[in-house]
Each structure stands twice: as structure tokens, then as C-alpha cells.
Asks: 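Dropping the structure in here first, questions after.
This is a predicted model, so every value here is computed, not measured. These numbers come from the heavy atoms of this one structure, side chains and all, not from hydrogens, waters or symmetry mates.
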Amino acid sequence: MFLVQYAGLNQLPFDPANNNEPLQFTNTTGPLLSESVIENGSESSKKRKRTAIPPADGVRNLNLDSTPMGLPMSDPAAWATAMNNLGMAPMGMTGQPLLPDFDPALGMMTGIPPINPMMPGLGIVPPPIPPDMPAVKEIIHCKTCTLFPPNPNLPPPATRERPPGCKTVFVGGLPENGTEQIITEVFEQCGEIIAIRKSKKNFCHIRFAEEFMVDKALYLSGYRIRLGSSTDKKDTGRLHVDFAQARDDLYEWECKQRMLAREERHRRRMEEERFHPPSPPPVVHYSDHECSIVAEKLKDDSKFSEAVQTLLTWIERGEVNRRTANNFYSMIQSANSHIRRLMNEKAVHEKEMEEAKEKFKVAFSGILVQFEQIVAVYHSASKQKAWDHFTKAQRKNINVWCKQAEEIRNIHNDELMGIRREEEMEMSDDEIEDPAETKETEESALISQVEALKEENDSLRWQLDAYRNEVELLKQEQGKVSREEDTTKEQQLKLLQQALQGVQQHLLKVQDEYKKKETELEKVKEDKLQMEKLLETLREQQEMANEEDKERNTADNQGTESSTSRICASSQEKECPLESTLSSSPVKSEREALLVGIISTFLHVHPFGASIEYICSYLQRLDTKISTTEVEVLMTRLQHTFKQELSGVGASLEKRWKFCGFDGLKMT
């Protein structure tokens, strides 16, 4: 069902909500226009039923499947306006146009304002929708194609992460017969298109002029596109719009960020300069007129600080000379007169500070008295007479309040004691200084006289110093030539002194090296002596060892003679019992001896032992007549060659035979 909102449409000459009469053409018995829509003049017989989409809240819609609206055909202008707003050519039942000035190419009538696709409610990007209300996408009609919205129940199409400064989109799922004109027709309504790069396959890249246009283009992701009225696969497709990463977009975004950073730095610099304190005014150059002005300012208490700064800069610049010395002296003298004023101000402030301290002490002591009273109230309430009448919660609160009050009282007591200690220290210092003050009062008159005399003497001295400086300048100018010669001589002397110092340092280094070598030689001599002593001791030990070897050799020769006689006797005794041992051996035949050799080699290869079944299975490969009982009896007879052990726990208990012939040799 085609959905159109009222916003931006031409006003109908009737109210569809209040008219319940059927919509007829010229008579009241004519057919109703309910479900058929004529899409083209040539295909007037084709009809297509459109399903109704539920409208959003607060939006009034014109629905062709809704209750028929009564509109007599006698008012052709109203009928033409309604059909034009619905995007249909105004025609009668016979197929003839109602108005001759209708332009079928544009799909609108001359003289009637067209429906702008970017008008509120009809544009590609709808007006802002509340977050609770689901977005309803509409069918979008273009000149050469139609866009059908996706299923609203499906999840929104997935997109990649948005690159910074993205102005380019990727558009996939285009029809095979789609051209750049069709792409521009669909996407130019989102904004100004700068470039389109179309691939031979069914996708392209579109670059817009601004970033917000990309958001409008993403709204079309998921729409099905159909070229004209064709249903061929090459004329249909499903659009997929996503962000694309382009170097031009990134470069423009970086340039913009750099520009914003420059603006931010400039703004911060301007703010810092605004908050900087103003620079002091420049100090004027010295002149007689300015000197008189500064001298007057020095006498004024309010302008004293400014005048003193000017006087200081003049002195540092070197404005003092023989001609201006008296003027500077008078200014310095007037600056000195302010010392008494400053001392008097300091004394006044000290008195004010002492009075404030006394007031603070009095108020602080009053506060401590009140704290003591509150603590006494808590203690009296905690006695048994009153304590039994309080509840548990009240007792708990009283205990907490009492502890807090005691802590605060103790802190304030410590502060008061600290203040009193400081006062006692100050009093002790004042007692020490009292005799000096009495002496000062007696001598103050004499000191004032002495100071006046000192000032006169100082002025005379400064005048003499000025004359001396001028004389020295004259002498320096005359003695410049002689000084140049002296400087050359001094330089030569310095070079010679440096050379002598270098020679002395070299001699000291050589002496140190000589001493080190002497110590090394002494150490080498001591090592030689020790080595000689070691060699002598080794020689003595070798001689002793050689003597002992000779003695042992003689003793061994005597023992060998006696042992040979014994061996001959024993061999004669052993020849006769060999026959008896052969007759009593556990191996009774040559076949059993072969079995013993094969079993011993097999078990020697298996150091962890093997079961009797495993051994017999190996032997039966050589001889099938061998039985397990025969092998087991043979191995039990040879206890020094084979031994049986139990391995495993519980149900996995197993008897294993091991080869122990080497151990049997040691035992026998």
C-alpha cells in the first residue's frame, strides 16, 4: 500500500475524515476506486494490490484500501489534486485525462506545486523519530527506478566502524543494468555528490561533499531497487550501503584537525595573555625636570613606591656622575626619612595583632568553659540515678556524644596550652631585652646627634669619592698604552708558568710509576724464594717415596714365591672333586642349558622383568614343545640366576621374573 503523509501536500477541498459517502465519478451508482492504481497509461488493465503498512503515531495517511471517501465527480479540480498528491495521472474511468495540461513525464500537473522528495515526511531521511517509536521506512519513487523498504522486523544492516572524516560510502547490491545516472538519481537526494567510482561488478563508491550526507545515504541500506517496472534479475538488486575508507577523506580530516588545533592554541595563548599581569610602565630617562618630579614624589607617602623604583633604575643605569651626585644624594636622603614612618606602622600593626590575640584568648577560654559544662552534663547523666531510666539506644548516643566532646575539649586545651607557652617564651625574651632598652632610651639623644654628624661626613666622603673617580678615569686613559705592554708580558709569564707546572706534574707521575715498579719487583723476588722452598720440599718427598717403593718390591718378591707353591697344591686337590660338582649341578641336560642362556638374554634385555607367559610365548616361537611348567621349574632351580618379584597393587598384582646372574656371581 502506498503511504503518503499530509505534510507538504496540496490542501484538499474536502475533509476525508468526515465524509463517509462512497467515492463515485458522475453518478451515485458508479464503481468504487478501492484497490487498483494505474501506473502507466499503456498498462491501464494491469492492477496490483498493495498491502497496508500501519502508520506511525501522530501521522495522518491517505490509504487507498481504507474506507471509501465520498467525492462527487462534478468537482474535477479536487479529484485531480488528490490523484496528483498520490503520484497518479488524473484520469477518468474511460482512460481520458481529466486535465489537458498534465505532464506525464514529470508525473504532476502544471500549476500544482510538485511533491519535493526532501519535504518533511516525504524525504529520504525522515524527520526525527522519538526513541520509543519504531522507524517506518517508505517506498521511494524515482524517475527511472523504485526503492522498496526492507522488512521492519529484520535487524538493521551491519556496518563497519566509521573512519574519521568519512565522506565516502560503499554501495553494493546494484542491478547489473544499473548506470551512473541511476546511481546519481537515487543518491543525489542525500546531498551533493563529488565523485562516483563505479566498478564492473555490482558495486560503486560515492563521495559526498559533507559528512552528514553519509548518514542520509546509510538510511537506504537494505532497500530493494527495481529499474522501471521490469522484474528481470538484471534490473533488480538489494542495496548495501556502508562506510568506506578514502585517503582524501582522511587527509581533509587531518587538515581540519590541525586547523582546529591551531585555533585552540591561539585561543589559549590569548587567554593566557589576558590573565597575565600588566607590564609595568617604562621608566623615563633621567633629566633635571624628571629628577625634581621624582624628588617630590619621594616626599609623598602614597607615591613613594613608584618613585623609589624609578630612582633604583636610574642608579643601575649609571646616571650618577659628578654633576648629578648632589641631586641623587638628596633623593636618597628623602628615601631614608621613610624608615621611621615604616617602623611606626609596624609598631601599630604589632599592637593590633596583640589585641587580636588577647581577644582570641578570651573567646577561646569561654568556649573551653562551655565544653567543660557539656562534658559535666554527660557525666552526670551517666550516673546510676538517671542512667537506669534511659533506653539502650539513648545510652549509646550519650556515650558517643560524651567521647566526642571529651576529644574536642582535649584538643582545644592543648592549643590553649601551646599559646600560653609561646607567650611565656616571648616574656622571657622581653625580660632579657629590657636592660638594653633602658640603655637605648638614655643614649637616643646622643645617637640622633651622632647620626646627623655621620650624614654630613658621608656627604663629604661621597664628594671626595666622586673626585677620586674622575682622577682615576684620567689616569686610566693615560695608562692604557703601558697596560697593553704589561698584558703581553703577563701572558708570556703565564705560559711559562703553565709549562713549568706541566713538567712538574710529569715528574711526579714518573716518580709514582717508579715506586710502583719497585714494589712489584720486591713481590716477584718473594715469590721466587717461596717457589724454591716448595721445590726443595718436593724433592725430599720424592726421595722418600722412592725408598719406600724399593722396600715394597723386595717384600712382594718373597710373597710370590710362597703363593706359587700353595696354588700348585690346591690345583691338585680341585681336579678330583670336579666330577662330583658336575653330577650335582641344577642343569641336567644340554637342552636346559640352552634354555637358560636364551631366558637370561631375554630378561637381560627386559631389565624391569617379564611374566612367565611372556617368556614362554617368546620361547615357543623357537620350539613349540616347550611348556610353562618346564620353564618355571627350571627357573626356580636356578635361584642365583633368576628371581621372582611381585609388582602392582590389588587387582593389578603380577609376578615378574628378573635376571640376577651378575649378583649371583658376587654372592658365590
Asks: Taking all heavy atoms of Ala244 and all of Pro163, pick out the closest pair and write down the distance.
Replies: O-CG, 3.9 Å
Asks: State whether Glu252 and Arg207 are salt-bridged, where the test is any N-O pair (Lys NZ or Arg NE/NH1/NH2 against Asp/Glu carboxylate O) under 4.0 Å.
Replies: yes
Asks: Does the ring of Phe608 carry Lys658 above it, NZ/CZ under 6.0 angstrom from centre and within 45° of its axis?
Replies: no
Asks: Do the non-hydrogen side-chain atoms of Ile193 and Ile206 ever get within less than 4.5 Å of each other?
Replies: yes
Asks: So, Asn410 side chain and Glu406 main chain: donor-acceptor pair closer than 3.5 Å or not?
Replies: yes
Asks: What pair of heavy atoms forms the shortest contact from Glu654 to Ser611, and how long is it?
Replies: OE2-CB, 3.8 Å
Asks: Judged by atom type as modelled, is there a donor-acceptor pair below 3.5 Å linking the side chain of Thr236 to the main-chain atoms of Lys233?
Replies: yes
Asks: Determine whether Phe208 and Glu192 make a side-chain contact, defined as any pair of heavy atoms from C-beta on separated by less than 4.5 Å.
Replies: no
Asks: Identify the heavy atoms of Leu603 and Trp657 that sit nearest to each other, and give their distance.
Replies: CD2-O, 3.4 Å
Asks: To the nearest 0.5 Å, what is the distance between NZ (Lys167) and CD1 (Ile194)?
Replies: 6.5 Å
Asks: Determine whether Tyr219 and Lys137 make a side-chain contact, defined as any pair of heavy atoms from C-beta on separated by less than 4.5 Å.
Replies: yes
Asks: Could you check whether atom OH of Tyr618 has more than 12 heavy atoms from other residues, nucleotides or ligands sitting under 6.0 Å from it?
Replies: no
Asks: Check whether any side-chain heavy atom of Ile374 sits under 4.5 Å from a side-chain heavy atom of Trp401, and report yes or no.
Replies: no
Asks: Indicate the ring-plane relationship of Phe170 and Phe203, choosing parallel, tilted or perpendicular according to the 30° and 60° boundaries.
Replies: tilted
Asks: If I compare all heavy atoms of Phe243 with all of Cys166, which pair ends up nearest, and what's the gap?
Replies: CD2-SG, 3.9 Å
Asks: Flag the pair Glu185 and Lys143 as a salt bridge only when some basic side-chain nitrogen lies within less than 4.0 angstrom of an acidic carboxylate oxygen.
Replies: no
Asks: Parallel, tilted or perpendicular: which fits the ring planes of Tyr614 and His606, with parallel below 30° and perpendicular above 60°?
Replies: perpendicular
Asks: Show which side-chain atoms of residues 149-162 pair as donor or acceptor with protein atoms under 3.5 Å away, not counting sequence neighbours.
Replies:
| residue | atom | partner | partner atom | Å |
| --- | --- | --- | --- | --- |
| Asn151 | OD1 | Asn153 | N | 3.2 |
| Arg160 | NH2 | Gln245 | OE1 | 3.4 |
| Arg162 | NH1 | Asp215 | OD1 | 2.7 |
| Arg162 | NH2 | Glu211 | O | 3.1 |

Asks: Go through the steps for Glu372 and Asn413 under the test side chain to side chain contact (heavy atoms under 4.5 Å, CB included), then give the verdict.
Replies: CA-CA 11 Å; Glu372 293 289 345; Asn413 280 328; 4.1 Å; yes
Asks: Is there a side chain to side chain contact (heavy atoms under 4.5 Å, CB included) between Asp242 and Val169? Walk through the geometry before answering.
Replies: CA-CA 6 Å; Asp242 198 355; Val169 294; over 6 Å; no
Asks: Looking at side-chain heavy atoms only, is the closest gap between Thr146 and Leu227 below 4.5 Å?
Replies: no
Asks: Hey, is OH on Tyr251 packed in by over 12 heavy atoms from elsewhere, all under 6.0 Å?
Replies: no
Asks: Looking at His205, is its backbone amide N or carbonyl O close enough to the side chain of Arg197 to form a donor-acceptor pair, meaning the two atoms are under 3.5 Å apart?
Replies: no
Asks: Could you work out, with salt bridge (charged side-chain N to carboxylate O under 4.0 Å, His left out) as the rule, every residue matching Arg267, not counting sequence neighbours?
Replies: Glu264, Glu271
Asks: Distance from Leu368 atom CG to Ile408 atom CD1, nearest 0.5 Å?
Replies: 11.5 Å
Asks: Minimum heavy-atom separation for Ile615 to Ala610, with atom names?
Replies: CD1-O, 4.0 Å
Asks: Side chains of Glu176 and Asn202, heavy atoms from C-beta outward: is any pair under 4.5 Å?
Replies: yes
Asks: Roughly how far, to the nearest 0.5 Å, is the CZ atom of Arg409 from the CD atom of Glu407?
Replies: 11.0 Å
Asks: Judged by atom type as modelled, is there a donor-acceptor pair below 3.5 Å linking the side chain of Glu306 to the main-chain atoms of Lys303?
Replies: no
Asks: What verdict does the side chain to side chain contact (heavy atoms under 4.5 Å, CB included) test give for Val171 and Ile183, after you've listed the backbone C-alpha separation in whole Å, the side-chain angles of each residue and the deciding distance to 0.1 Å?
Replies: CA-CA 9 Å; Val171 182; Ile183 295 166; over 6 Å; no
Asks: Evaluate the side-chain proximity of Arg274 to Met270: yes if any heavy-atom separation is below 4.5 Å, no if none is.
Replies: no
Asks: Between Asp249 and Thr168, is there a donor-acceptor pair closer than 3.5 Å when you use the side chain of the first and the backbone of the second?
Replies: yes
Asks: Hey, does His379 have a side-chain heavy atom less than 4.5 Å from the side chain of Cys402?
Replies: yes
Asks: To the nearest 0.5 Å, how far apart are CZ in Phe371 and NE2 in His412?
Replies: 4.5 Å
Asks: Mark yes when over 12 heavy atoms from residues, nucleotides or ligands other than Gln394 sit less than 6.0 Å from its CD; otherwise mark no.
Replies: yes
Asks: So, Thr624 side chain and Gln620 main chain: donor-acceptor pair closer than 3.5 Å or not?
Replies: no
Asks: Rounded to the nearest 0.5 Å, what separation is found between the OH atom of Tyr378 and the CD1 atom of Ile398?
Replies: 8.5 Å
Asks: Under the side chain to side chain contact (heavy atoms under 4.5 Å, CB included) rule, what do Phe148 and Tyr223 come out as? Steps first, then yes or no, please.
Replies: CA-CA 5 Å; Phe148 298 95; Tyr223 268 80; 5.6 Å; no
Asks: Taking atom CD1 of Ile182 and atom SG of Cys142, what is their separation to the nearest 0.5 Å?
Replies: 10.0 Å
Asks: Where do Cys145 and Val186 come nearest, in terms of heavy atoms and distance?
Replies: SG-CG2, 3.6 Å
Asks: Whether the Glu613 and Thr628 side chains hold a donor-acceptor pair (N or O, under 3.5 Å, no angle test) is what I'd like checked.
Replies: no
